[in-house]
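Computed from a predicted structure; not experimentally measured.
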Amino acid sequence: MTVINGKIKKIFYRGKGGFAIGLFSIVDGETITVKGVLPGIREGLKCKLDGDFVIDEKYGRQFNVRNLLFDEDEIDEEGLYRMIFVVLTEAASNGNTFLFYEEVLNELRMRYGVSKEIFDDVISMNNTEKYEIVIEENELNGKRFYLEETYNWEVSACENLKRLNSTVENFETDEVEIDFEKIESRMGISFSNEQKEAVSGAIANGVTVITGGPGTGKTTILRAVTMLLREMGYIVALAAPTGRAAKRIKESTGYRGHTIHRLLEASIDEKKDEVIFRRNEENPLEADAVIVDEASMIDVELMSRLLEACTDGTRLVLVGDVDQLPPIGPGSVLNDIIQSEYIHTTSLKSIFRQAEESKIVVSAHEINRGEEPDLEYKEGDDLIFLPKSTYAEVREEIAKLAAYEEAQVITPTKRGQLGTTSLNKMLQDSLNPREEWKQEINKRISGRVDSSDENSITSEMPQITMRNGTAANAENEIFRVGDRVMQIKNNYGKQWKIAAVEVEGSGLFNGDMGKIVEIDPLNEIISVEFDEGKVAKYEREDFKELQLSYAITVHKSQGSEFPMVVMPVANFGPLLGTRNLLYTGITRGRDNVILLGDEKSLIRMIHCNTSRDRNSGMKDRLASFL
C-alpha cells in the first residue's frame, strides 16, 4: 500500500454513493488518475490518498484509493455530509437502518480524519434535508443517523402496522368461535393448543405473527387460516419474498402463492432505472387479507411497500422462523415486530409427533438452543454427519453426493475451496463435463495466476482455490448446455414462454433455479428453462444475472426446501461459521441432510451465536404505540 500527498486537480465523475474518478496532483509534481470511494472531494482540495498504483489497459497508470485523509481546514459542510452518506450507505448494506452518533463519528475519524469538533459544528447547523440524511434525537437513544430513504421506510412501516392493527374489528381471542373439530376433520389432522391459539389469533387481530422452528406446524396453520378466511368471504392473497418460497406455498397448502414483488406488480422504470410498485397507497391490493410466509426474509423497504398497499381493514398474517438468517436488505423486521410486543404473536414451541421422528427437526432445535446434537449414525436417520479432515476429502465426497438428482449443495461462503465458486466449477466438470456436441459459452474471461496447495480443513490459512491454473472466480464461469443455473437478480421485465401451453409472461426473481437447454454461440444467447416450463433467453449483457447453481450459499437457499441437502462444515470464521447459518442450512432439507467436514468446526458453529446485531428502529417505534 502506498500513501500519496497532494491535491485534487480535476473531477471527471462523482456518483451519489461516493465513487469518483479524477486527476490528483502529487506533491512532487506528477499528475495521476485516481478512482475509488472519495466522498467530500472537490477541485483544489488537499488530502492524502492511501491505496495502490495499478496499470489499466485502457487508462494506463492510475491509483486505486482505499482510504483518504483530509486536513481539517479542508472539510466543508457538503464534504462532511457526503462522507456521512457513504458511511450510512455501507451500514445499510450490512443490514442497519441507522447508526448511532458515536458509530458515525468513529467511522469518520478512521476513514477521513474528521475531528469531533468539526463533526459537531457541521451537524449542529441542521442542514440534513439538503443531503438526504435524517438525524433523529431523543433522551433515551441519543442521536441516530439515517439515510432519508431508509428513515421514511421504517417510519412508514410502523405507522402502517399501527393503522392495520387498529382498523380491523379486533376480538378477544376467546371470543372467536372456530369449529376446530370440523377443520380437523377436513384437513385430516389434530391441532395442538398452540396451533389453535395461532389460528384464533390470526382471525381475531388486524395484524398477527406466527413464528416457530421446523416441525412446529406453521404450514398447517397457514392452510387453516387461509381456509377459514376464504370461508368467511375474504379475498385472501398469499405471498412470500422469493419465487421458490412462493412455489412452496402452492405445494404445501394447495393455494396459489405469489412473490411479494409480483403481488405488488413491481416493474422497472427504464428511464429512472428504478423499481416501481404499481400496487401502492393510491392503487391498493384488492385483498381483504394478506398472508406472508417466510416473513423473516423481508427487509424494511419491502415491508413498507407491502403495508402501504394494504387498505384499512386488511388483515395481515406474518408467518416465519425468526431464528433463521436476517434479511439481506436493511432492517430486522420480523424480529423487531415480535420484540416490540405491540403485535399479537404466537410462538410455536412444540414439535409434532411425526416431526419428533426426524433427526433433521430434532437436531435443528437442539442447535438453535446451543446444544450439540447426537452425531452418531443410526439406521433410518435423515441427518448424517460424515467426518472429514481435509478440504480434498470434503470436495471428493461432495462430488459423489451431488450426483444424486435430488441433492442440492449449500455452503456458507462464496470463496475458498468449499465456496460456491470453486464447488460449482468442480461439480460442473463432474456432473456436466465438456462434450464435443455440447455448446458452451464464457460468462467472462479473466487472467491466470499461480496454483496453491491443499490446506487442512481446520487451517486458519485463507482458502485459495485454483482450477487449471486459473483463479476460482465467478467471472470465469463457463455456461454449458445442461448446466444448473440460478437467477441472482430480480428482473421484472425478463420475458419467458411456456411453449407447451402457449403462455407468455415476464418476471424472474432472485433465487429462481433452472437448467440451460440451449446455447446459441453465434448470437451469444442462452436459453434457460425454469419451473413450470418457463423458458427465458439471455443475451450477453444479461449473463451477469445467471450463476451456476450446483452449489449455492445458505443465504441464497433461504426460503427454499430441497429433498436432499449436502453442506460442508469447516472453519469458516466467526462471521460465517455461526449457529443461525448452520440452523438455516439444516432446515433447508426435507428428506435428508448430510453434513461433512470437521466435528470441532461443527461444534464451534453451534456455540458461535455472534451473528452481528443490527441497528433497527422498528422495535422502539412499535413499542411506543403500546
Expected output: side-chain R111 to main-chain M83 donor-acceptor under 3.5 Å | no
Crowding at NZ, K46 (>12 non-hydrogen neighbours, <6.0 Å)
no
Derivation of the side-chain hydrogen bond (donor to acceptor under 3.5 Å, both in side chains) call for Y131 and E77: CA-CA 10 Å; Y131 303 104; E77 178 187 278; 2.7 Å; yes
Closest non-hydrogen atoms of I32 and F53, given as atom of the first, atom of the second and distance, are CD1-CE2, 3.1 Å
- prompt: In terms of ring plane angle, is the pair F19 and Y13 parallel, tilted or perpendicular, where the classes change at 30° and 60°?
  reply: tilted
task: May I ask you to check whether over 12 heavy atoms, not counting those of R369, lie within 6.0 Å of atom CZ?
output: yes
Quiz item: Are V134 and N152 close enough that some pair of their side-chain heavy atoms sits under 4.5 Å apart?
Solution: no
Nearest heavy-atom approach of L576 to L581 is O-CD1, 3.5 Å
Check: Under 3.5 Å, is there a donor-acceptor pair between the side chain of K489 and the main chain of K544?
Finding: no
Q. T89 side chain to F85 main-chain N or O, any donor-acceptor pair under 3.5 Å?
A. yes
Original post:
What do the steps show when you test Y583 against D321 for side-chain hydrogen bond (donor to acceptor under 3.5 Å, both in side chains), and what is the final call?
Top reply: CA-CA 11 Å; Y583 171 80; D321 184 350; 2.5 Å; yes
Looking at E43, I'd like to know if its CD atom is crowded, meaning that more than 12 non-hydrogen atoms belonging to other residues, nucleotides or ligands lie closer than 6.0 Å. yes
*Please test K494 against D512 for salt bridge (Lys or Arg N to Asp or Glu O under 4.0 Å), starting from the C-alpha separation and ending with a verdict.*
CA-CA 12 Å; K494 172 62 72 177; D512 287 348; over 6 Å; no
The side-chain contact (heavy atoms from CB on, under 4.5 Å) partners of I328 (sequence neighbours excluded) come to none
Discussion item. Other residues, nucleotides and ligands only: do more than 12 of their heavy atoms fall within 6.0 Å of CD on E371?
Written reply: yes
**Under 3.5 Å: donor-acceptor pair, side chain of D71, backbone of E74** = no
Here the pair of heavy atoms bringing S304 nearest to S156 is OG-OG, 3.3 Å
**Flag, side chain of D299 to backbone of E301, donor-acceptor distance under 3.5 Å** = yes
Check your understanding: Hey, what's the ring geometry for F70 with Y112, parallel, tilted or perpendicular (30° and 60° as the breaks)?
Key -> tilted
Rounded to the nearest 0.5 angstrom, the CD-CD distance for E545 and Q487 is 5.0 Å
Scanning both residues in full, the closest heavy-atom pair of P284 with R279 reads O-NH1, 2.8 Å
Exactly one candidate in V322, V207, I338 meets side-chain contact (heavy atoms from CB on, under 4.5 Å) with T345; the answer is I338
Quiz item: Once the angle between the rings of F625 and Y342 is folded into 0 to 90°, is it parallel (under 30°), tilted (30 to 60°) or perpendicular (over 60°)?
Solution: perpendicular
*In terms of heavy-atom contacts, does CD of E274 have more than 12 from other residues, nucleotides or ligands at under 6.0 Å?*
yes
What one should report as the nearest heavy-atom pair of V65 and N67 is CG1-O, 3.4 Å
- Message: Quick one: does any side-chain atom of N165 pair with a main-chain N or O of L161 as donor and acceptor, under 3.5 Å?
- Response: no
Q) Should the heavy atoms of other residues, nucleotides or ligands under 6.0 Å from CD of E282 be counted, would the total exceed 12? A) no
Determine whether a donor-acceptor pair (N or O, by modelled atom type, separation under 3.5 Å) exists between the side chain of R82 and the backbone of G18.
no
For V290 and C310 the tightest heavy-atom approach is CG2-SG, 4.1 Å
query = Is the closest basic N to carboxylate O distance between K130 and E78 below 4.0 Å?
reply = no
Does the R14 side chain pair with the main chain of I41, one donor and one acceptor, at a distance under 3.5 Å? yes
Enumerate, atom names and distances included, each donor-acceptor pair closer than 3.5 Å involving a side-chain atom of residues 552-559, sequence neighbours excluded.
| from | atom 1 | to | atom 2 | distance (Å) |
| --- | --- | --- | --- | --- |
| T553 | OG1 | K556 | N | 3.1 |
| K556 | NZ | N510 | OD1 | 2.7 |
| S557 | OG | V554 | O | 2.7 |
| Q558 | NE2 | Q324 | OE1 | 3.4 |
| Q558 | NE2 | L325 | O | 3.0 |

Pairing of R579 and D323 as salt bridge, 4.0 angstrom limit
no
- Task: List the steps and the verdict of side-chain contact (heavy atoms from CB on, under 4.5 Å) for V114 and R109.
- Result: CA-CA 5 Å; V114 177; R109 276 174 171 163; 5.7 Å; no
Salt-bridge contact R621-E136 (side-chain N to carboxylate O under 4.0 Å):
yes
Item to complete: Report the C-alpha distance between N424 and E477 in whole Å, list the side-chain angles of each, state the deciding distance to 0.1 Å, and finish with yes or no for side-chain hydrogen bond (donor to acceptor under 3.5 Å, both in side chains).
Response: CA-CA 9 Å; N424 272 319; E477 280 185 335; 4.9 Å; no
Q) Looking only at atom types and distance, does a side-chain atom of T97 sit under 3.5 Å from a main-chain N or O of N615, one as donor and one as acceptor? A) yes
| query | Just by distance, do the side chain of N96 and the backbone of F98 share a donor-acceptor pair under 3.5 Å? | reply | no
